[in-house]
Every structure is written in structure tokens, then in C-alpha cells.
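What you see is a predicted model; the values in this text were computed from it and never measured. For the single chain, residues carry numbers from 1 onward in sequence order. Numbering of ligands and ligand atoms starts at 1, following listing order.
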Amino acid sequence: MRILIIEDDPVLADGLTRSLRQSDYAIDCVSDGSEADHVLLAQNYDLVILDLGLPKLDGFEVLRRLRRRGSKTPVLILTARDALDERVKGLDLGADDYLTKPFDLPELEARVRALIRRGQSGGSSVLHHGVLSLDTVGRRAMLNDAPVELSARELGVLEVLMLRSGRVVNKEQLAEQLYGWEEEVGANAIEVYVHRLRRKLEPAGVVIRTIRGLGYLLEKAPNV
Ligand code: CA
């Protein structure tokens, strides 16, 4: 899951980035509204965390432009404690939730999980694929109701494949979901994760096919 943080206070931006990376989100960070607008034109995110007081273009304008383009990406705005009018205006412009500064990181993370869940699966946090299920909030997978040991990256790859099951997903799309800009993606990293997933899932009949030159495909589950 990939998150864009738009925040001009470097200390807060750094704290948010560290904390969310620890929860295995891919994080990109920009510090002014104009750059944010450009990035949002070029890249899809699962969530945007948006400060309102920003240089060049304020957060309201970034949000207004995003929604005018028809984007439904969940947006969490960060507002000052006593600024009721800011919160109302932000929600009216299409923000999905807000947090008042200063806030506790566990609360932010809970809001982030809730918004991503809402955006991804229309309310339910559990993806199903035949005998396989994946809890996108609890971050765990089950095969025939028994837990499967998966690393955070393996879970990330599996989540993307399950969200697009029956369709081909290429390596670039997988890497995009798993890594932020600053992280190096080893050329074979995705292949390694897929290889490990196969070893764990194929005995139960869950098949990830390689489509040569195109990418990977999680085959339609038989009994669904
Ligand atoms: Ca600010």
C-alpha cells in the first residue's frame, strides 16, 4: 500500500514517514502544494495525508484539484486544533477524515488503516480467494483457516495479486505498491517474493502463474 505525505514541517514529515514505514507502507513525501499536485497527476496512491498550510499551493487547492480530476483516493487532512472552519471546508472539498495537530501516532495509524480499508474493499478488510484469505488490516493470511507465515513484503505482493485476481499484474506494478521513491528495488526482489509465495501456497492449490514478458497472474480460485 502506497501513501503520499504532503507536509512542509520537516520534523513532522519525518516522524510520519518513519512511523508508517515501520508498518510496512510505501511512503513518498513532498513539502509543497505545487509539487504535490504534480505528483498526484503522475502516480496513484492508496491514501494521501495532507497538511493544509503549505507553500506555493495550499492544501485546500491541492484537494480541490485532485477531486476535480475525479480521483477517489482517500485523503486525511491535518488541521490546527481550534480551526473548526478549516475542518469543515476540508470535508466539504472531499477530504475523508481529519486529525488535529498535535496528534498521537497510534491514532494516526488507526485512521490510516481505516481509510485504506474503506478505499480498497468497500468496507471489508478481508480478501478471499478460494481456501486463501488475507486480512489487510491485521496483516495476516490464512489457508484453510490455518495461519500462513509470510513476511511483510510477501504479504504485500499477495495482497496486490488478490486485489487483481484473474488479471495479469506486472513487476513494475508490484514494485510500485511495495516501495517508495527512496527505496532501491533489487531487480530480482519481486521474483524472489513470488517464488516464496508459491512454495507456501501451491501445496494448497493456490496457483500464481508467470505470464512470460507480462507479469504474474493469480489464477481464479476453483470453488468460488
Ligand atoms: Ca504546514
Exercise for review: Go through the steps for Asp9 and Asp51 under the test side chain to side chain contact (heavy atoms under 4.5 Å, CB included), then give the verdict.
Suggested key: CA-CA 9 Å; Asp9 174 343; Asp51 179 35; 6.0 Å; no
Exercise for review: Side-chain contact test, heavy atoms from C-beta onward, threshold under 4.5 Å: evaluate it for Asp46 versus Ile3 and give yes or no.
Suggested key: no
Exercise for review: State, yes or no, whether a side-chain contact exists between Ser23 and Glu109 at a heavy-atom distance under 4.5 Å.
Suggested key: yes
Review point. Does Leu54 put an N, O or S atom under 3.0 Å from the Ca ion (ligand 1)?
Key: no
Exercise for review: Look only at the side chain of Asp96 and the backbone of Val75, and say whether a donor-acceptor pair between them is shorter than 3.5 Å.
Suggested key: yes
Review point. Out of the N/O/S atoms in Asp8, what is the name of the one closest to the Ca ion (ligand 1)?
Key: OD1
Exercise for review: Would you mind naming the N, O or S atom of Asp51 nearest to the Ca ion (ligand 1)?
Suggested key: OD2
